[in-house]
Amino acid sequence: MVDEKKLRRMDMKVDSWRMRVKDADDRKTLDEVFDRETLMSVYKLFKEGIFDSVDFPISTGKEGNVFKCSGPDGSVALKVYRISTATFKHISKYIVGDPRFGGVQKNRKKVIHMWARKEHRNLERMTSGKVRVPKPLYCLNNMIVMEYIGTEEMPAPLLKDVFVNSPEEVFDDIVENLRRIHDVGLVHGDLSEYNILMDGDTPVIIDVGQGVPLEHAMAEEWFQRDIANITRYFVKLGVEADLEGVIKRVRGE
Ligand SMILES: Nc1ncnc2c1ncn2[C@@H]1O[C@H](COP(=O)(O)OP(=O)(O)OP(=O)(O)O)[C@@H](O)[C@H]1O
Ligand SMILES: [Mg+2]
């Protein structure tokens, strides 16, 4: 049974964000994310005790929105995929050819739910291989709940936004994470300084929804692109590395 009073309180909380968000584009984003159905799913997570408050939006992107929430054991991050044509277009190309997902389904909503499940599973698989990613906690419809990286006030910054004190060490750390991702048979597929959080000096790999198994038709191309992106970034920071050498290291050769 839905507790109407609780639901109303939640509606109010969402409304208060809307009022706080001054920028018109952001307001539109929040309105679109919390459609009635998503609100019901968020409510279900409340009821199951996954978290008891949604504290603030961390990021409002074109396809996904991430919120910091407080749960019984501390903070968690909630990622909500928008049920929109843009999201659908973006993800279809990654799901085609992934044997774990069989035939691509026509139903937009179902595909987006499947996409959230895929990110959750990729996080599980990477966690099992000791890759430093946010620990996956829960997955429901178009949402995933995971470990929150950051402090009570501030989410951890992206690699692209920090001054890196010891680029060699951070680069080594990332290469080791890539080796472990490869070890569990996956390719990240969208790796760059935009999808790595810095938890102090420790890089944390995020946004693994488009990750594909090594047998995927695009796996080799995306594997090389990931490594090229990150190597290019660190070479700019003064690290001496050649692409072929890094690729070999990641393959464990
Ligand atoms: N577990 C987390 N803890 C703290 N912050 C997070 C976490 N996961 C994601 N974020 C923040 O949310 C942002 C968006 O997350 P993510 O990269 O997974 O989604 P996205 O689909 O790429 O969205 P966008 O299009 O906005 O980049 C990240 O850039 C990061 O700042
Ligand atoms: Mg991202």
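In each ligand, atom 1 is the first atom listed, and ligand 1 is the first ligand listed. One-based numbering along the sequence shown.
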**OP:** Evaluate the side-chain proximity of Phe171 to Thr231: yes if any heavy-atom separation is below 4.5 Å, no if none is.
**Re:** yes
**OP:** Verify ring-ring contact (aromatic ring centres under 6.0 Å, His included) between Phe46 and Phe51, making sure each step is shown before the conclusion.
**Re:** CA-CA 6 Å; Phe46 273 89; Phe51 51 74; 5.2 Å; yes
Original post:
If you leave out waters, which protein N, O or S atoms are less than 2.8 Å from the Mg ion (ligand 2)?
Top reply: Asn195 OD1, Asp207 OD2
**OP:** Specify the closest pair of heavy atoms between Tyr81 and Gly209, including all atoms of both residues, with the distance to one decimal.
**Re:** OH-CA, 4.3 Å
**OP:** Measure the acute angle between the ring planes of His182 and Phe223, then classify it against the limits of 30° and 60° as parallel, tilted or perpendicular.
**Re:** tilted
**OP:** Identify, chain by chain and in numerical order, each protein residue with a heavy atom under 4.0 Å from an atom of ligand 1.
**Re:** Ile58, Ser59, Gly61, Val66, Ala77, Lys79, Pro134, Met146, Glu147, Tyr148, Ile149, Leu158, Asn195, Leu197, Ile206, Asp207
**OP:** In sequence, state the C-alpha distance, the side-chain angles, and the governing distance for Arg125 and Leu186, and then conclude on side chain to side chain contact (heavy atoms under 4.5 Å, CB included).
**Re:** CA-CA 9 Å; Arg125 196 147 146 189; Leu186 290 175; 3.9 Å; yes
Original post:
Could you state the interatomic distance from CG (Asp226) to CD (Glu221), rounded to the nearest 0.5 Å?
Top reply: 11.0 Å
Subject >> Residue pairs, two or more places apart or on separate chains, that pass side chain to side chain donor-acceptor pair (under 3.5 Å) and touch residues 199-209 >> reply: Lys79-Asp207, Asn195-Asp207
Throw together a table of side-chain donor-acceptor distances under 3.5 angstrom for residues 246-253, partners on residues two or more places apart or in other chains.
residue, atom, partner, partner atom, Å
Arg249, NH2, Asp172, OD1, 2.9
Arg251, NH2, Glu220, OE1, 2.9
Arg251, NH2, Glu220, OE2, 2.4

Original post:
Does a side chain donor of either Ser75 or Lys68 reach within less than 3.5 Å of an acceptor in the other side chain?
Top reply: yes
